[in-house]
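Here is the structure we will look at.
Numbers for residues simply follow the sequence, beginning at 1. Remember, it's 1-based here, ligands and their atoms both numbered in the order they're listed.
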Amino acid sequence: MSLKASHRAMVPFVSVDNMMRLVHHIGIETFIADLAQAIEEDFAKWEQFDKTPRVGSHSDVGVIELMPTSDGVLYGFKYVNGHPKNMGEGLQTVTAFGVLSDVYSGYPKLFTEMTLLTALRTAAMSAVATKHLAAPGAHTMAMIGNGAQSEFQCLAVKAVCGVQTVRLYDIDPAATAKCARNLAGLGLDVVQCETPEEAIEGAQIITTATADKDMQTILTDNMVGAGVHINAIGGDCPGKTELHQDIVARASVFVEYPPQTRIEGEIQQMDPDHPVTELWQVITGQTKGRKSADEVTLFDGVGFAIEDFSALRYVHDRIKDTPYYIDLDLIADPDDPRDLFGMLKRAK
Ligand SMILES: NC(=O)c1ccc[n+]([C@@H]2O[C@H](COP(=O)([O-])OP(=O)(O)OC[C@H]3O[C@@H](n4cnc5c(N)ncnc54)[C@H](O)[C@@H]3O)[C@@H](O)[C@H]2O)c1
């Protein structure tokens, strides 16, 4: 009896190293644009998915979450944390990994790092929202919060929406300098700003991706002019928001999955029935996005499981016939399915 694992026991595993190779093989902007398309495809069949708000385990310093969903054929989940204090300790605020499985057998089809993939998919999601909601011809974005997520956000609106200029601001000038350095030579005009007011000057799009485990006021009402589109990405947890309530009250609010966003998003500041539009309905054309040039549109993005499912599905498709994964002996799969013990015994 061979002790070698059967091919069915093997699960393709994408390490951080291989994810980076895959992204460069495809090209960062192409990768993000492809993810945006994958998200749009899955949002277009929104009603087919199992949907549940993510399951969070909160502590005083952060949150660890599980984000599952299924379209009936494939099942995906992501493990992700959010620890704003981590950055000060030399650790990432957000780290993640995930699994894609076959619903018919329950066997995993992919196991992958998702820290990079989450940054890419979050940027792709904001770009999808921006594409559908920003004023036509929008060319300048203010990027407030210049941490790990920021470069991805900037490249995504370039790749998907044709944004040419990004105006950067962070309370820590070193973060802004890092972001500007990383974006150099990538085809964007990059302006480093010293105040949030300076950053939003002339911007038709404002993206906030700051991290603080608190109700922050990154933007006040007087800072947001008519016709602006806002992606508020950093407020994604109970008790963690970025916008003054008056902006939320004035804006047309677009969300991923209302039961989750009402707990985690900017709208946690509002009444439980505060009107929102679900983005999938805009993507499918069932509802209009922006209705007038003066309207302030707000994508209250918290990150939803279907976006991770899209990313897992995309990576699973793209690693085929590439060297960018290894097979992991992850599933115990005895030749006789009832002889799990025998397999263990023979391994001695
Ligand atoms: N919505 C989603 O899908 C999604 C996905 C990933 C991350 N996030 C959230 O996005 C946020 C950013 O993530 P990250 O990985 O870039 O975090 P990070 O810790 O790497 O960077 C956050 C940056 O925000 C800056 N900042 C804090 N307060 C600020 C303020 N008042 N004004 C301007 N800048 C300020 C910090 O100096 C830091 O540079 C986090 O809150 C994270 O939880 C959301």
Side-chain angles (χ1 to χ4, degrees), residues 35 39 54 56 58 61-65 67 78 80-96 114-129 142-154 156 167-180 182 192-200 206-220 223 230-244 254-257 260-261 263-268 279 298-308 310-311:
L35 281 181
I39 289 171
R54 59 185 153 200
H58 297 270
V61 288
V63 62
I64 296 176
E65 298 166 322
M67 302 173 69
K78 179 170 83 174
V80 62
N81 76 300
H83 284 67
K85 60 93 189 154
N86 272 8
M87 195 252 302
E89 298 173 7
L91 300 171
Q92 290 278 117
T93 299
V94 176
T95 70
M114 287 192 83
T115 305
L116 283 160
L117 197 55
T118 294
L120 291 155
R121 79 84 157 117
T122 301
M125 183 67 235
S126 300
V128 167
M143 181 70 234
I144 305 197
N146 301 154
Q149 187 61 42
S150 59
E151 297 91 344
F152 296 92
Q153 295 291 140
C154 294
R167 300 176 63 82
L168 311 179
Y169 171 73
D170 193 291
I171 38 167
D172 180 358
T176 303
K178 178 259 339 177
C179 184
N182 282 338
Q192 298 186 53
C193 302
E194 287 175 7
T195 63
E197 288 80 5
E198 186 191 342
I200 63 175
I206 304 174
T207 298
T208 55
T210 65
D212 205 327
K213 205 172 174 357
D214 215 348
M215 309 290 264
Q216 294 290 306
T217 309
I218 308 299
L219 297 178
T220 52
M223 291 166 74
I230 306 169
N231 297 305
I233 300 305
D236 59 354
C237 224
K240 178 166 173 264
T241 57
E242 293 181 303
L243 306 184
H244 192 281
F254 297 82
V255 301
E256 294 138 316
Y257 181 54
Q260 183 177 313
T261 313
I263 306 167
E264 300 180 351
E266 297 302 320
I267 55 169
Q268 65 184 278
L279 202 56
L298 165 61
F299 172 51
D300 188 359
V302 293
F304 186 54
I306 294 177
E307 296 144 39
D308 299 308
S310 309

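Annotation for R121 and A311: closest pair CB-CB, 4.1 Å, computed over non-hydrogen atoms. For the pair A124 and L35, the tightest heavy-atom approach, listed with the atom from each and the gap, is CB-CB, 3.8 Å.
Between the side chains of T176 and D170, not a single donor N or O lies within less than 3.5 Å of an accepting N or O. Checked by atom type, the side-chain pair Q153/T207 shows no donor-acceptor distance below 3.5 Å.
A heavy-atom distance below 4.5 Å is found between the side chains of E256 and F299. In this structure the side chain of Q192 never reaches within 4.5 angstrom of the side chain of P173, judged on heavy atoms. Looking only at side-chain heavy atoms (C-beta outward), D212 and P84 stay at 4.5 Å or farther from each other. Residues H83 and I64 form a side-chain contact, since some pair of their non-hydrogen atoms from C-beta on lies under 4.5 Å apart. In this structure, D236 and R54 have side chains that are in contact, with non-hydrogen atoms separated by less than 4.5 Å. With contacts defined as side-chain heavy-atom distances shorter than 4.5 Å, the pair C237/H58 qualifies. Counting heavy atoms from C-beta on, the side chains of I200 and I144 come closer than 4.5 Å.
Between I233 and ligand 1, an N or O atom pair is found at a separation short of 3.5 Å. Inclusion of I144 in the set of residues having an N or O under 3.5 Å from an N or O of ligand 1 is not warranted. Note: an N/O pair closer than 3.5 Å links Q149 and ligand 1 by distance alone. On a distance-only criterion, A175 and ligand 1 share no N/O pair closer than 3.5 Å. Backbone and side-chain nitrogen or oxygen atoms of T210 are examined, and one is located within less than 3.5 angstrom of a nitrogen or oxygen of ligand 1. Considering both main-chain and side-chain atoms, R121 comes within under 3.5 Å of ligand 1 through a nitrogen or oxygen pair.
Closest to atom 12 (C) of ligand 1, if we only count protein heavy atoms, is A209 O, 3.4 Å. Atom 19 (O) of ligand 1 has its closest protein heavy atom at T93 OG1, 2.7 Å. The protein non-hydrogen atom at the shortest distance from atom 7 (C) of ligand 1 is V94 CG2, 4.0 Å. The closest protein non-hydrogen atom to atom 38 (C) of ligand 1 is D170 OD2, 3.4 Å. In terms of protein heavy atoms, atom 2 (C) of ligand 1 is closest to V302 O, 3.5 Å. At the shortest separation from atom 10 (O) of ligand 1 among protein heavy atoms lies G234 CA, 3.7 Å. In terms of protein heavy-atom proximity, atom 21 (O) of ligand 1 is nearest to G147 CA, 3.2 Å.
Atom CE of M87 sits about 10.5 Å away from atom CD of Q92, to the nearest 0.5 Å.
Per-residue contacts place G303 under 4.0 angstrom from the following atoms of ligand 1 (heavy atoms of the residue considered): 1 (N), 2 (C), 3 (O). Proximity to G301 (heavy-atom distance under 4.0 Å) selects the following atoms of ligand 1: 1 (N). The Y169 neighbourhood of ligand 1 comprises atoms 32 (N), 33 (C), with distances under 4.0 Å to a heavy atom of that residue.
Among K85, Q92, K240, the residue whose heavy atom sits closest to atom 41 (O) of ligand 1 is K240. In this structure, of T261, T115, I218, the residue bringing a heavy atom nearest to atom 31 (N) of ligand 1 is I218.
Using a 4.0 Å cut-off between heavy atoms, E264 makes no contact with ligand 1 at all. Contact annotation for T122 and ligand 1: only side-chain heavy atoms (C-beta onward) come within less than 4.0 Å of the ligand. Looking at I171 against ligand 1, both its backbone and its side chain come within 4.0 Å, counting heavy atoms. With a heavy-atom cut-off of 4.0 Å, A148 touches ligand 1 through backbone and side chain alike. At a 4.0 Å heavy-atom cut-off, ligand 1 touches D236 through the side chain alone. By the criterion of a heavy-atom distance under 4.0 Å, neither the backbone nor the side chain of M125 is placed next to ligand 1. When non-hydrogen atoms are compared, ligand 1 lies under 4.0 Å from neither the backbone nor the side chain of D212.
For K78 and E65, the salt-bridge test fails: no basic side-chain N is under 4.0 Å from an acidic carboxylate O.
The closest approach between F304 and ligand 1 stays at or above 4.0 Å for every heavy atom of the residue. In this structure, G82 falls outside the shell of residues with a heavy atom less than 4.0 angstrom from ligand 1.
With hydrogens and angles disregarded, a donor-acceptor distance shorter than 3.5 Å links the side chain of Q260 to the backbone of G303. In this structure, the side chain of D300 does not engage the main chain of V255 through any donor-acceptor pair within 3.5 Å.
Around the CD atom of E89, the shell of radius 6.0 Å holds more than 12 heavy atoms that belong to other residues, nucleotides or ligands.
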